[in-house]
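Chain letters run A, B, ... following the sequence lines, proteins first and then strands; every chain starts at 1. Model, not experiment: these values are computed from the prediction.
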2 protein chains.
Amino acid sequence: MTLELDAIDRRILAELQIDATLSAEQLSQRVGLSRNACWRRVRMLEESGVIAGRVALLDPEKLGYGLSVFMLIRTSSHEPHWLETFRGAVTSLPEITGIYRMSGDLDYVLRARVADMKAYDRLYQRLIAKVPLSDCSASFVMEEIRETTALPVQQR
Amino acid sequence: MTLELDAIDRRILAELQIDATLSAEQLSQRVGLSRNACWRRVRMLEESGVIAGRVALLDPEKLGYGLSVFMLIRTSSHEPHWLETFRGAVTSLPEITGIYRMSGDLDYVLRARVADMKAYDRLYQRLIAKVPLSDCSASFVMEEIRETTALPVQQR
DNA sequence: TTTGAAAACGAACAGCT
DNA sequence: AGCTGTTCGTTTTCAAA
């Protein structure tokens, strides 16, 4: 299942990753194609699943989620029961926007968004009430230098 | 500048965070409002910047970015020159989709997307060629249990 | 001032050349 | 692939509450 995407497809993807509201007309001008040809390519990219969806991105500051946290978790217990409980606990908390099972000596990485330190502490308390964590270290994001959903589709 | 968003605004945001292609008609049915009233709210949310934009999300697997990596960086040198070089280096690499300056003993966290281990190594080599890293540990994502751009706007 | 209906406009989609 | 027509969504206007 190797997809063959040419330079124009990649150009289209690059544009839509930045602004998905572009009309077929606008898009066609940017990539140098007729409106219809362009529209058909977009449709193909959607149907093949390369474009997984279109979402609205919200401003975290304006909604009271100005503090971003990474939680690095090491677990002593690797029994199935603990794992299940852990999964149930983390997935039940919507402030946790990223949940990753890792290789190496780290077991899980969590990414959470909260209002402030106090809100973080509440989240942490709710989490450890649901599942015991033997080793969890939190790091707070001081500055988001980059945060993008865009993949490098146009790579030179 | 405190924004007052009522339950319907939040319902709208919740829907658009999942699917930004919903028409005003569809949206209005889901949130229980007339088409126009709904449309006016969306417009207000856009103008106030609560809705920061609409983007297409692509399938990383289908584009050859199946491996996700977190790089945890500690730096010995905190001189302005090193910092500047570091920023230039990381921001020049588009595979690095997240760049965060942290509090605590971690200095930076990077999130990158690559094809495989070999591609990771190439990225790493390119990075350290641009800026010396005294302490950088990489952790690879084995499983993305959750990865969402959606903020919990509807909280209970 | 806010809400709903409806007209006008523009974009999306399908069929045909 | 391009052209064209029909359908559908968006945006504006207007009238009523």
Side-chain angles (χ1 to χ4, degrees), chain A residues 1-60 62-64 148-151 153-155, chain B residues 1-63 148-151 153-155:
Chain A
M1 191 229 59
T2 307
L3 274 161
E4 277 314 314
L5 301 178
D6 67 16
I8 296 179
D9 289 323
R10 292 172 183 278
R11 191 102 176 63
I12 290 173
L13 291 174
E15 294 288 347
L16 292 181
Q17 280 192 113
I18 292 167
D19 184 1
T21 69
L22 290 173
S23 69
E25 180 67 38
Q26 294 170 307
L27 201 51
S28 70
Q29 286 163 1
R30 298 187 185 203
V31 306
L33 218 63
S34 81
R35 182 168 61 90
N36 272 358
C38 187
W39 180 81
R40 276 192 274 255
R41 281 184 187 239
V42 173
R43 169 172 264 264
M44 215 175 279
L45 291 166
E46 276 164 346
E47 279 169 5
S48 65
V50 173
I51 295 178
R54 294 162 192 246
V55 301
L57 299 182
L58 310 187
D59 183 335
K62 293 210 164 79
L63 289 160
T148 182
T149 55
L151 300 176
V153 289
Q154 282 213 94
Q155 210 81 330
Chain B
M1 193 229 61
T2 306
L3 272 161
E4 279 312 314
L5 300 178
D6 68 16
I8 295 179
D9 289 323
R10 291 173 184 278
R11 189 105 176 60
I12 289 172
L13 293 174
E15 294 288 346
L16 292 181
Q17 280 192 111
I18 293 167
D19 183 2
T21 69
L22 289 173
S23 71
E25 180 68 40
Q26 295 171 307
L27 200 52
S28 69
Q29 286 164 1
R30 297 186 188 203
V31 306
L33 218 63
S34 80
R35 186 171 58 114
N36 256 2
C38 187
W39 181 83
R40 274 191 277 255
R41 282 184 187 240
V42 172
R43 169 171 263 267
M44 214 175 278
L45 291 166
E46 276 163 347
E47 279 170 5
S48 65
V50 174
I51 296 177
R54 295 161 191 246
V55 301
L57 298 182
L58 309 186
D59 183 334
E61 302 282 347
K62 293 210 164 78
L63 289 161
T148 183
T149 55
L151 300 176
V153 288
Q154 283 215 93
Q155 210 80 331

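- Exactly one residue among B/Val31, B/Ile8, B/Asn36 makes a side chain to side chain contact (heavy atoms under 4.5 Å, CB included) with B/Arg41. That residue is B/Ile8.
- In this structure, B/Arg41 places its CZ atom 18 Å from P of C/dT1, rounding to the nearest Å.
- The separation between B/Gln29 atom CD and D/dC8 atom P is 14 Å, rounded to whole Å.
- Put simply, CD on B/Gln26 is 11 Å from C1' on D/dC8, counting in whole angstrom units.
- Atom CZ in A/Arg40 sits about 15 Å away from atom C1' in C/dA11, given to the nearest Å.
- Put simply, the side chain of A/Asn36 and the base of D/dT4 share a donor and an acceptor less than 3.5 Å apart.
- The side chain of B/Arg35 places no N or O atom within less than 4.0 Å of a non-bridging phosphate oxygen (OP1 or OP2) of D/dG9.
- Between B/Glu25 atom CD and C/dG4 atom C1' there is a gap of 13 Å when expressed in whole angstrom units.
- The side chain of B/Arg43 lies closest to D/dT12 when the candidates are D/dT10, D/dT12, D/dG2.
- Listed candidates were C/dA12, D/dG9, D/dA1. Nearest to the side chain of B/Ser23 is D/dG9.
- In this structure, A/Met44 places its CE atom 13 Å from P of C/dA14, rounding to the nearest Å.
- For A/Ser34, the listed nucleotide lying nearest its side chain is D/dG2; candidates were D/dG2, C/dA12, D/dG9.
- Residue A/Trp39 has a polar side-chain atom (N or O) positioned under 4.0 Å from OP1 or OP2 of C/dC13.
- A/Arg10 CZ to A/Leu45 CG: the interatomic distance, rounded to the nearest 0.5 Å, is 10.0 Å.
- In this structure, CG of A/Leu33 is placed 7 Å from P of D/dG2, rounded to the nearest angstrom.
- No donor-acceptor pair under 3.5 Å is formed between the side chain of B/Gln17 and the backbone N or O of A/Leu58.
- In this structure a side-chain-to-backbone donor-acceptor pair under 3.5 Å is missing from B/Glu15 to B/Leu27.
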